[in-house]
Amino acid sequence: MGCFTFVKVVMVVFNLLICLAGMCLAAAGIWMTVDGDSFMKVLPPFTDDFQSHVSVGIFSITIGAVMTLLGLLGCCGAQKESKSLLIMFFSIILIICIAETAAAIVALVYSSYTQNILRAWATSGLKEQYGKDKILTDLWNSTMTTLQCCGFSNYTDFSGSYYYKQNGALYPPTCCAGPELYPCDDHNADFIGVVGCFKQIVQIIQRNLNILGGIAAGVTAIEVAAMAVSMYLYCNLGKKIHLKV
Ligand SMILES: *[C@@H]1O[C@H](CO)[C@@H](O)[C@H](O)[C@H]1NC(C)=O
Ligand SMILES: *[C@@H]1O[C@H](CO)[C@@H](O)[C@H](O)[C@H]1NC(C)=O
């Protein structure tokens, strides 16, 4: 088996695995979103108080779909020895790589700026859609319950919101750390001062920085390898046909 054939087989098998993994991930995500309760019963580590199944589900579906498509593209490109599919595969991964790098740089260099954009975006969604939009409400509910936080910055994010008005000037129970302090009005919410979800999330990220760094390094390595392999195949396709003739 020549080097070209070996690389080709590796690329086909690897992309087939990526494709299968993507399908499994997307299927699990769909199941989680549609029928979270029974999904949680199958996975023992997830206890009942872990309610983020919708957010995790949507995230899994997105990542799974991208992996499936990319895997299919790479697999077909290598198997059919198609220059256009290979270059498409290469370009998509290159774009993903550039986008990831750009996002990381922007997030690090302009972190306070990013934080303001994130705050404006999250807060307006919270004010207008919390209690109205099922998915957004579910996402916030699970985040606030799991992380024991309230709003993006603090409870004032709910002041004057749709939920606040609908519930007779009350905040969601998590903003008063559960049902003990009832009713959860301005006075009680201010008194207990439940921390905002953004702060909690930043703390979780900081505590797991080494794990996240490891995942980022692993993903980057796979992307670079995939680009190198598809470029190798692309460049050697013409030559191989030439040799055959
Ligand atoms: C979210 O939490 C609020 C306050 O506890 C509750 O009224 C609402 O039904 C919950 N919504 C969803 C979709 O879980
Ligand atoms: C709530 O957060 C906003 C935005 O960061 C801040 O301006 C405000 O002072 C905070 N209020 C309380 C009561 O902590």
Side-chain angles (χ1 to χ4, degrees), residues 26 28-63 103 106-207:
I30 293 172
W31 182 13
M32 227 186 287
T33 313
V34 175
D35 191 11
D37 291 340
S38 53
F39 184 87
M40 290 306 152
K41 289 200 188 88
V42 189
L43 284 186
F46 292 99
T47 49
D48 284 343
D49 58 292
F50 185 85
Q51 297 178 354
S52 316
H53 58 263
V54 172
S55 38
V56 177
I58 293 173
F59 186 70
S60 308
I61 294 172
T62 316
I63 301 283
V106 168
L108 288 177
V109 176
Y110 301 101
S111 58
S112 68
Y113 182 69
T114 319
Q115 191 179 326
N116 285 338
I117 292 183
L118 217 57
R119 168 176 293 127
W121 173 75
T123 311
S124 80
L126 204 59
K127 279 202 197 303
E128 284 151 30
Q129 299 296 330
Y130 184 83
K132 207 189 272 176
D133 181 76
K134 168 91 174 71
I135 291 183
L136 185 132
T137 309
D138 235 357
L139 264 172
W140 272 107
N141 272 7
S142 51
T143 309
M144 295 197 296
T145 317
T146 313
L147 305 181
Q148 298 181 325
C149 53
C150 165
F152 185 87
S153 311
N154 52 46
Y155 76 93
T156 61
D157 292 340
F158 284 104
S159 303
S161 68
Y162 171 83
Y163 179 92
Y164 186 80
K165 287 177 193 149
Q166 288 289 309
N167 289 274
L170 291 185
Y171 295 95
T174 37
C175 294
C176 294
E180 292 84 22
L181 274 179
Y182 187 84
C184 193
D185 54 14
D186 284 270
H187 175 77
N188 278 339
D190 187 47
F191 172 74
I192 191 125
V194 173
V195 68
C197 292
F198 181 73
K199 207 173 165 191
Q200 292 288 71
I201 292 172
V202 167
Q203 267 176 11
I204 291 177
I205 292 177
Q206 281 170 345
R207 250 182 269 134

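Please read these numbers as outputs of a predicted model, since none were measured by experiment. Heavy atoms only: backbone and side chains are in, while hydrogens, waters and symmetry mates are out. In listed order, ligands and their atoms are each counted from 1.
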T156 (side chain) donor-acceptor with S159 (main chain) under 3.5 angstrom: no
So, is N154 polar-close to ligand 2, with some N/O to N/O distance under 3.5 Å? yes
Do S124 side-chain atoms and W121 backbone N/O form a donor-acceptor pair below 3.5 Å? yes
Quick note, ring-ring contact (aromatic ring centres under 6.0 Å, His included) partners involving residues 124-143, not counting sequence neighbours, are Y130-F158, Y130-Y163
In ligand 2, which numbered atoms sit nearer than 4.0 Å to a non-hydrogen atom of S153? 2 (O), 4 (C), 5 (O)
Do Y162 and D133 meet the criterion of a side-chain donor-acceptor pair at a distance under 3.5 Å? no
Ligand 1: protein N/O within less than 3.5 Å of ligand N/O:
| unit_1 | atom_1 | unit_2 | atom_2 | d |
| --- | --- | --- | --- | --- |
| ligand 1 | 2 (O) | Y130 | OH | 3.4 |
| ligand 1 | 2 (O) | N141 | OD1 | 2.9 |
| ligand 1 | 2 (O) | N141 | ND2 | 2.4 |
| ligand 1 | 11 (N) | N141 | ND2 | 2.8 |
| ligand 1 | 14 (O) | D138 | OD1 | 3.4 |
| ligand 1 | 14 (O) | N141 | ND2 | 2.9 |

Do D185 side-chain atoms and N188 backbone N/O form a donor-acceptor pair below 3.5 Å? yes
Got a donor-acceptor contact below 3.5 angstrom from the Q200 side chain to the C149 backbone? no
Exercise: identify the closest heavy-atom pair between L126 and D157: CD2-CB, 3.7 Å
